[in-house]
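Inspection log for the structure reproduced underneath, given as structure tokens.
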Number of protein chains: 2
Amino acid sequence: MAQRTRADALTRERIVEAAVELLDADGESGLTFRTLTERLSTGPGAIYWHVANKGELLDAATASVIGGALAVEVTGTPQDEIRAIALGLFDAVERHPWLPPQLAVQLSRSPWSSVTPRIFESIGQRVSVLGVPESTWFTATSALVHYVFGAAGQNAANARVLARGVDRADLLDAAANAWEELDPGDHPFLRAIAGQVRGHDDREQFLTGIDLILTGITGAAPCGSTRP
Amino acid sequence: MAQRTRADALTRERIVEAAVELLDADGESGLTFRTLTERLSTGPGAIYWHVANKGELLDAATASVIGGALAVEVTGTPQDEIRAIALGLFDAVERHPWLPPQLAVQLSRSPWSSVTPRIFESIGQRVSVLGVPESTWFTATSALVHYVFGAAGQNAANARVLARGVDRADLLDAAANAWEELDPGDHPFLRAIAGQVRGHDDREQFLTGIDLILTGITGAAPCGSTRP
DNA sequence: ACCTGAACACCGTTCAAGT
DNA sequence: ACCTGAACACCGTTCAAGT
């Protein structure tokens with residue numbers, strides 16, 4: 001078999017791009033060296049020339065997607081920009097619902113390198129112009145980033161179910177109905193909120209959560225300022 | 001080979017227990033049907049008699065661990081109880097750092113059943129006696145739960161690195177040093193907070209984040225003033 | 001009803017060989 | 001330097017057979 005011509009030469013970027021497409025189409029199980037080599041019309045050895053192993057490939061796919069989400073321009077008050085950045089990440093995770101489990105694994109390979117610092121920098125820059133003491137910046141930014149991760153993870157889980165053809169209203173209805181039939185003594189709270197679940201908007205609720213934390217950050221400033 | 005005597009009979013609980021032990025010891029890759037059958041002195045067919053497949057086994061392991069964390073008694077003001085429940089989950093995830101990726105996968109199998117409703121009920125019961133309008137309960141509880149998930153996930157990633165024998169101070173030092181050498185134009189925020197990262201306490205920072213959200217929920221009342 | 005263990009399809013990875 | 005593709009060890013799962 002002849003070697004590839006320069007036009008369709010294999011590059012790391014082309015491999016990562018194909019990996020993201022396979023992950024988007026069929027989830028984590030959709031990316032194997034078989035499907036990847038088939039799509040790229042090559043053999044496993046060619047992949048391994050450009051990428052050390054599957055973990056590094058998944059890391060690169062994650063960095064590529066998160067980097068794209070952080071690259072969008074945002075303008076406005078610091079609060080507006082934080083909302084826009086957070087929503088950008090939220091939407092990116094919804095489009096690529098394989099991200100959260102993969103990110104959780106990647107973080108444990110190198111928790112303070114890779115993608116987390118870029119998100120911290122992006123959100124933290126806006127926190128630092130919020131007018132709160134510098135001693136609170138790290139904790140305030142952590143709270144925002146952790147909330148974004150958690151909310152995006154839950155939403156991605158929903159997105160993966162919806163990708164299987166389930167209707168969103170049906171999904172929420174089924175949960176709400178089940179909760180309304182729970183024993184009031186054991187589960188008073190789920191019974192009480194079942195109605196709110198049925199009609200809620202995920203993105204709107206996500207932003208309300210961001211606002212809660214922003215209120216806490218700017219409102220709690222007098223308390224936090226006692227720290228050196 | 002003789003069948004098992006009644007004393008060492010295989011049960012679903014015994015299998016789940018062994019699975020948790022293997023996951024705790026060696027992470028997600030530590031649990032295979034080979035290691036599991038070896039530890040239980042049986043064959044794969046015996047496991048499949050009690051458990052449908054590996055996914056169900058992982059779901060059961062997750063439910064077992066989260067259930068244990070939620071079972072502890074907590075007393076105090078609603079805020080105190082929320083802090084205690086959140087910290088219990090945080091600590092459980094630190095002891096079982098394989099949880100976050102697994103939970104992310106499990107949620108996408110059935111996002112509104114399984115373990116999330118139990119956490120919502122537990123935290124939501126305390127939110128409902130915080131004195132805020134019922135229309136805000138669902139969103140407020142979501143914000144708390146998502147924050148807990150995100151923060152616990154990040155912390156679990158750290159825990160997995162530390163489990164490999166890395167010293168915590170060395171890990172934070174390495175990150176802080178790297179950030180202090182970044183270009184100030186590109187990464188002003190990471191440079192600014194590098195010093196705070198070095199000495200911070202994860203659990204304390206986690207609880208401060210909970211307090212930020214509680215402050216936001218109760219309407220930016222001065223810190224702690226709602227406590228009797 | 002509960003368990004055994006060989007067998008199967010599939011996976012990530014390696015590596016001698018080609019150009 | 002870059003790619004090929006057969007081969008290897010390991011994985012989850014099945015199932016005919018035992019008690």
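Quick note on labels: first sequence line is chain A, next is B, and so on, each numbered from 1.
Rounded to an integer number of Å, the gap from CD of Glu28(B) to C1' of dG12(D) is 13 Å. Whole-Å rounding puts the Glu38(A) CD to dC11(C) C1' distance at 15 Å. Remark: P of dT13(D) and CD1 of Ile15(B) are 14 Å apart, rounded to the nearest angstrom. Note: CG (Leu40(B)) to P (dT4(C)) measures 10 Å, nearest angstrom. In this structure, Leu31(A) places its CG atom 12 Å from C1' of dC11(C), rounding to the nearest Å. Taking atom CD on Glu56(A) and atom P on dG12(C), their separation rounds to 15 Å, with Å as the unit. dC8(D) atom P lies 14 Å from atom CZ of Arg34(A), rounded to whole Å. Atom-to-atom, OH of Tyr48(B) to C1' of dA7(C) comes out at 14 Å; the value is rounded to the nearest Å.
For dC10(C), there is no paired nucleotide, since no Watson-Crick or G-U wobble pair has both relevant distances below 3.5 Å. If you check dT4(C) for Watson-Crick or wobble pairing at under 3.5 angstrom, you find it paired to dA16(D).
If you look at Phe206(B) and Phe90(B), their ring centroids are closer than 6.0 Å.
Checked against dC3(D), dT13(C), dT4(C), the side chain of Pro44(A) finds its nearest nucleotide in dT13(C). Comparing atom distances between the Ala46(A) side chain and each of dC3(C), dT13(C), dT4(D) picks out dT4(D) as nearest. Proximity note for Leu10(B) (side chain, C-beta onward) versus dC3(C), dC3(D), dT4(C): the nearest is dC3(C).
A salt bridge links Arg39(B) to Glu21(B): one of the charged nitrogens lies within less than 4.0 Å of a carboxylate oxygen.
Other residues, nucleotides and ligands place no more than 12 heavy atoms under 6.0 Å from the CD atom of Glu38(B).
Among the heavy atoms of the strands, none lies under 4.0 Å from Leu36(A). Nucleic acid contact for Ile47(B): none, since no nucleic acid atom lies under 4.0 Å from a heavy atom of the residue.
A donor atom on one side chain and an acceptor atom on the other are found under 3.5 Å apart for Arg198(B) and Asn177(B).
Distance alone, capped at 3.5 Å, is enough to place a donor-acceptor pair between the Thr141(B) side chain and the Trp137(B) backbone.
The phosphate of dC3(C) has OP1 or OP2 within less than 4.0 Å of a side-chain N or O from His50(B). Listed pair Trp49(B) / dC3(C) fails the phosphate criterion, with no side-chain N or O lying under 4.0 Å from OP1 or OP2.
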